[in-house]
2 protein chains.
Amino acid sequence: MLRLSTKGQYGVRAMFEIARGYPDRPLTIKEIAERQDVSVAYLEQILGKLRRAGLVRSIRGPGGGYLLAREPREIPIAAVLGVLEGPVAITSCVDPREGCIRIEHCVTHLLWKELGAQIEGFLNTITLGNLLAGDVGSPHKVRTVLKRASKDQNSQ
Amino acid sequence: MLRLSTKGQYGVRAMFEIARGYPDRPLTIKEIAERQDVSVAYLEQILGKLRRAGLVRSIRGPGGGYLLAREPREIPIAAVLGVLEGPVAITSCVDPREGCIRIEHCVTHLLWKELGAQIEGFLNTITLGNLLAGDVGSPHKVRTVLKRASKDQNSQ
DNA sequence: AAAATAGCCTACTGTTTATGTCAAGTATTC
DNA sequence: GAATACTTGACATAAACAGTAGGCTATTTT
């Protein structure tokens, strides 16, 4: 459940590759495609979106390619995925582009909203900089704080 | 991005309805369907899965219907969704049913794994009991703990 | 025993979304 | 002006989703 599309996956991997390359040397689509094993034509679409969103900039002609528009640590994964897949929206009910018809009766509305917020919070915390440093693990873990709230619940 | 299928959504809503009904009175599919505005035939599929997974039990014949197999507070949302949608698997790369071919080169592997763990952690924390009590909000919020870890990153 | 109630099962189908490919451009550098 | 590289939009295929349909089995009531 909750699978990401390949666009999002490839997009993050492409951004990683661009971030990793020599900071001032533009990376061609072809290079990215080879290193990350994705077709050139498909990458064009993905990078086009990222460019129009201002996350990368491109240089045409010989010696051209793609560069990050900002420093790696200023680009959270949430930004990349947001461009390629739209906002986190567990259900249409909590999709900012749609809306909930039965919000009053919808007991689960709050649940999905909160889950979305958790996900978005996490993805905003991890940046391309973290990815470069291989720093995705324990420092970000927050699960230990989550404790079954069953005590409060006996009053029900 | 990361949308849940309707099976998962309807399933949670159906479970909520069963949990809400008088604890000892079985709820018929028809009743659930009316209250949650889902087709009877579709609900049959969903409840069949939940029954085979042991989350609800059914009583046939007149006066029959569905009952929870355990107390609401013993049924986390993760259990319901797990049955209807399979395990959380942001990418095929971290899907327990598949596997990662390029785990060594896959820089994002850890990222998706960690995100999945966060989601699963959250969904395991919230139970049908919480849903009944309307208790999904702030007590479970953990985002305040998440702080940009950019300081540690300068050492790279 | 028959009728009514209610769950059980599984095959089928239309629609949408995802995942790409292809072809014809445009801009830049050497 | 030739080579390089990005840009754009149309199109093709396949998989997943969402839901329907129809017949079957079990249980209770009359």
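Reminder, nothing fancy here: chain letters follow the sequence lines and each chain counts from 1. Side chains are part of it too, since the values below use all heavy atoms of this structure and drop only hydrogens, waters and symmetry mates.
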statement: In this structure, CZ of B:Arg20 is separated from CG of B:Leu128 (nearest 0.5 Å) by 12.5 Å
- request: Starting at NZ of B:Lys7, measure out to NZ of B:Lys49 and round the result to the nearest 0.5 Å.
  value: 5.0 Å
message: Please check this pair: side chain of A:Arg13 against backbone of A:Gln36, looking for a donor-acceptor N/O pair closer than 3.5 Å.
response: yes
message: Does B:Arg52 reach a base, just sugar-phosphate, or nothing at all? Heavy atoms under 4.0 Å.
response: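 Contact class for B:Arg52: sugar-phosphate only.
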message: Considering every strand and a 4.0 Å limit on heavy-atom distances, what is the contact class for B:Ile29: base, sugar-phosphate, or nothing?
response: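 The residue B:Ile29 makes sugar-phosphate contact but no base contact.
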Using whole Å, report how far [atom1] of [X] lies from [atom2] of [N].
{"X": "A:Lys30", "N": "D:dT7", "atom1": "NZ", "atom2": "P", "answer": "18 Å"}
{"X": "A:Leu50", "N": "D:dC6", "atom1": "CG", "atom2": "P", "answer": "14 Å"}
{"X": "A:Leu67", "N": "D:dC6", "atom1": "CG", "atom2": "C1'", "answer": "13 Å"}
{"X": "A:Arg51", "N": "D:dC6", "atom1": "CZ", "atom2": "P", "answer": "11 Å"}

field: Stepwise side-chain hydrogen bond (donor to acceptor under 3.5 Å, both in side chains) test for A:Glu85 and A:Ser5
entry: CA-CA 8 Å; A:Glu85 311 226 7; A:Ser5 80; 2.9 Å; yes
query: Where along nucleotides 18-28 of chain D does protein come under 4.0 Å, by heavy atom, of base (B) or sugar-phosphate alone (S), with - for untouched nucleotides?
result: BBB-B--BSBS
query: Going 5' to 3' along DNA chain C, which nucleotides are the first and last within contact of chain A (any atom under 4.0 Å from a heavy atom)?
result: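 Here the contact window of chain A covers C:dT19 to C:dT29.
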- request: With sequence neighbours left out, write down each residue that passes ring-ring contact (aromatic ring centres under 6.0 Å, His included) with A:Phe16, or none if nothing qualifies.
  value: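 Expected list: none.
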query: Would you call B:Arg25 and B:Glu31 a salt bridge, using N to O less than 4.0 angstrom?
result: yes
- request: Report yes if a side-chain nitrogen or oxygen of A:Ser58 is closer than 4.0 Å to either non-bridging phosphate oxygen (OP1 or OP2) of D:dT7; otherwise report no.
  value: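 Looking at the OP1 and OP2 atoms of D:dT7, one of them is under 4.0 Å from a side-chain N or O of A:Ser58.
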message: Between B:Tyr66 and B:Thr28, is the side-chain hydrogen bond (donor to acceptor under 3.5 Å, both in side chains) condition met? List the steps.
response: CA-CA 6 Å; B:Tyr66 285 90; B:Thr28 67; over 6 Å; no
- prompt: side-chain hydrogen bond (donor to acceptor under 3.5 Å, both in side chains) between A:Glu74 and A:Thr127: does it pass, once the steps are laid out?
  reply: CA-CA 7 Å; A:Glu74 297 298 323; A:Thr127 67; over 6 Å; no
